[in-house]
Amino acid sequence: MSIFAKFFKNIIHDRDPDDDTVTVKGKPKPKYYGTVAPYPNFNASSDASVLQSAIENKGVDEDVIVAVLVNRSNEQRQKIKVVYEQSAKEKLEKALKSALRSDLEDVSLALLMMPAHFDAYLLRKATKGLGTDEDVLVEILATRSNQEILEIKKVFKEEYETELEDVIKDETSGDFATALLAMLKTNKDEDTEVDMDKARRDAETLFEAGENTKGINVSAFIDILTTRSGPQLSKTFQQYACLSDVTLPKALDMELRGDIEHCLTDIVKCAWNKPAFFAEKLHLAMKGHGTCEETLIRVLVSRSEVDLKKILEEYRAMYDDSLQDHILRDTDGHYRNVLLGLCGAH
């Protein structure tokens with residue numbers, strides 16, 4: 001947790017959230033923090049034709065493929081897929097699998113999936129075969145809205161003919177399984193209003209369940225951390241600091257071990273600053289020897305139309321380096337161009 005420590009050391013200080021709305025025609029609308037926006041003057045037929053020529057060209061024109069995929073919104077890519085199949089009599093995904101290789105193939109196919117399908121695919125991959133990728137399970141379930149999780153469960157059942165909850169029960173166990181299943185219930189309060197009395201009560205409950213008792217009442221932590229909104233939890237963390245000599249993440253580190261510690265700590269991080277949570281993920285993916293391409297693809301693709309602009313800002317603030325410069329140093333070729341394209345103007 002040392003990398004994230006700067007975001008928690010002053011947790012008792014109040015934090016005014018950014019005004020995330022703009023006024024359009026007299027009505028408030030959410031600000032857009034994605035880096036990929038719908039392409040103006042979009043023409044699905046033209047794009048499908050351009051892609052077909054690039055794929056069927058001798059040597060394959062990766063530059064053209066990259067230029068089209070990273071400069072179209074996900075909704076536009078879905079329309080291109082339909083027209084491409086009608087014209088080429090072949091699915092675009094199959095054509096790209098034949099034309100591309102390695103990381104470029106992986107990121108291109110990820111861009112062609114609708115968000116819920118991509119998340120369902122990631123969850124299936126994280127639970128299939130030997131071992132389970134616990135970090136991916138927590139990342140997705142802790143950062144998606146109730147509606148997004150409902151859609152993921154629906155797609156998962158359609159694609160893999162089994163309930164996501166059943167897979168979680170089979171592949172995980174103990175308190176960790178309980179926490180994941182709690183998030184799958186979609187009981188999280190998504191109201192942005194904060195109840196200060198509840199924040200104080202919850203802080204007292206967490207203190208009594210952790211530091212102020214022998215052992216730890218994990219169920220109390222799971223219940224509060226998986227059902228309260230981000231703004232509500234932020235106030236709870238501040239109230240907790242008034243009761244304890246340590247911050248809540250430090251308390252979790254002291255009291256818990258293994259998957260459940262990492263799970264609950266990640267939930268705390270997401271509630272306090274979700275873009276910073278993803279910035280840390282991206283930094284760790286490129287830190288030291290080797291690069292975790294799967295993490296880069298997963299985060300950049302899934303957040304490119306959500307909050308990647310905020311993630312880029314947090315990355316620079318946390319590491320005194322731009323994400324784009326780090327990508328330039330750690331990746332290469334057309335794959336690097338896709339990642340940089342998803343990050344937007346630099």
Side-chain angles (χ1 to χ4, degrees), residues 1-20 31-37 66 70 103 107 110 135-136 138-140 142-143 230-231 233-234 237-238 241 246-253 261-346:
M1 280 184 281
S2 58
I3 291 177
F4 213 83
K6 68 174 73 175
F7 281 94
F8 291 118
K9 68 181 180 181
N10 295 320
I11 206 163
I12 58 171
H13 295 163
D14 199 5
R15 188 181 57 129
D16 291 326
D18 293 334
D19 182 6
D20 283 344
K31 285 182 183 178
Y32 185 67
Y33 290 104
T35 52
V36 175
V66 169
V70 300
D103 300 322
V107 70
D135 287 344
V136 173
V138 176
E139 176 189 314
I140 293 174
T143 60
L233 284 175
S234 293
F237 305 154
Q238 293 169 2
V246 298
T247 61
L248 185 56
K250 182 63 177 175
L252 292 173
D253 187 34
E261 177 199 344
H262 298 307
C263 175
L264 297 182
T265 301
D266 279 355
I267 293 173
V268 170
K269 290 178 180 180
C270 290
W272 183 249
N273 192 325
K274 191 184 294 183
F277 167 78
F278 282 114
E280 181 192 34
K281 286 268 183 182
L282 292 167
H283 181 76
L284 292 175
M286 295 184 286
K287 187 182 179 184
H289 294 294
T291 302
C292 183
E293 314 298 353
E294 289 184 354
T295 299
L296 294 182
I297 293 170
R298 184 179 70 250
V299 175
L300 293 181
V301 170
S302 66
R303 309 312 293 183
S304 62
E305 294 184 49
V306 182
D307 56 0
L308 189 48
K309 281 183 181 177
K310 285 187 172 184
I311 294 169
L312 292 168
E313 291 172 2
E314 295 294 352
Y315 196 97
R316 184 180 288 278
M318 292 167 73
Y319 305 110
D320 196 26
D321 190 10
S322 76
L323 176 60
Q324 293 96 323
D325 285 343
H326 206 159
I327 288 172
L328 277 168
R329 296 193 299 270
D330 272 56
T331 63
D332 57 29
H334 294 96
Y335 167 64
R336 176 173 63 187
N337 294 341
V338 173
L339 300 184
L340 292 175
L342 290 174
C343 289
H346 178 35

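No hydrogens, no waters, no symmetry mates; every other heavy atom, side chains included, goes into these values.
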(message) Between Glu314 and Phe277, is there a side-chain heavy-atom distance shorter than 4.5 Å?
(response) no
(request) Please report the shortest heavy-atom distance between Glu305 and Tyr32, naming the atom on each side. (result) CA-OH, 3.3 Å
(request) First locate atom CG of Asp135, then atom NZ of Lys281, and finally report the distance between them rounded to the nearest 0.5 Å. (result) 4.5 Å
(message) Whether Asp321 and Arg329 form a salt bridge (side-chain N of Lys/Arg under 4.0 Å from carboxylate O of Asp/Glu) is what I want to check.
(response) yes
(request) Check Asp103 against Ile297 and note the closest heavy-atom contact, atom names and distance. (result) O-CD1, 4.1 Å
(request) Please round to the nearest 0.5 Å and tell me the distance separating atom OH of Tyr33 and atom CD1 of Ile311. (result) 13.0 Å
(request) Name all residues meeting the ring-ring contact (aromatic ring centres under 6.0 Å, His included) criterion together with Tyr315; count only those two or more places apart in sequence or in a different chain, and write none if there are none. (result) His283, Tyr319
Side-chain atoms of residues 332-339: list all donor-acceptor pairs with protein atoms under 3.5 Å, sequence neighbours left out, distances to 0.1 Å.
{"from": "His334", "atom 1": "NE2", "to": "Asp63", "atom 2": "OD1", "distance (Å)": "3.0"}
{"from": "Tyr335", "atom 1": "OH", "to": "Glu293", "atom 2": "OE1", "distance (Å)": "2.7"}
{"from": "Arg336", "atom 1": "NH1", "to": "Leu328", "atom 2": "O", "distance (Å)": "3.1"}
{"from": "Arg336", "atom 1": "NH1", "to": "Thr331", "atom 2": "O", "distance (Å)": "3.3"}

(message) I need the minimum non-hydrogen distance between Ser322 and Arg316, along with the two atoms involved.
(response) CB-NH2, 3.1 Å
(message) Can you tell me how far apart CD (Glu313) and CG (Leu308) are? Round to the nearest 0.5 Å.
(response) 10.5 Å
(message) Restricting to ring-ring contact (aromatic ring centres under 6.0 Å, His included), what partner residues turn up for His262, sequence neighbours left out?
(response) none
(message) Checking Leu233 against Val268 for the side chain to side chain contact (heavy atoms under 4.5 Å, CB included) test, could you report, in this order, the C-alpha distance in whole Å, the side-chain angles of both residues, the deciding distance, and whether it holds?
(response) CA-CA 8 Å; Leu233 284 175; Val268 170; over 6 Å; no
(request) Locate the shortest heavy-atom distance separating Asp330 from Gly290; write the atom from each residue and the value. (result) OD2-O, 4.5 Å
(request) Evaluate side chain to side chain contact (heavy atoms under 4.5 Å, CB included) for Thr295 paired with Met286, printing each intermediate quantity in order. (result) CA-CA 9 Å; Thr295 299; Met286 295 184 286; over 6 Å; no
(request) Give the minimum heavy-atom separation between Ser234 and Ala271, together with the two atoms involved. (result) OG-O, 3.4 Å
(request) Would you check if Cys343 and Thr35 make a side-chain contact, meaning some heavy-atom pair closer than 4.5 Å? (result) no
(message) Can you tell me how far apart OG (Ser302) and CD1 (Ile140) are? Round to the nearest 0.5 Å.
(response) 7.5 Å
(message) Consider side-chain contact (heavy atoms from CB on, under 4.5 Å). Of Asp307, Val301, Leu300, which one does Arg303 pass it with?
(response) Asp307
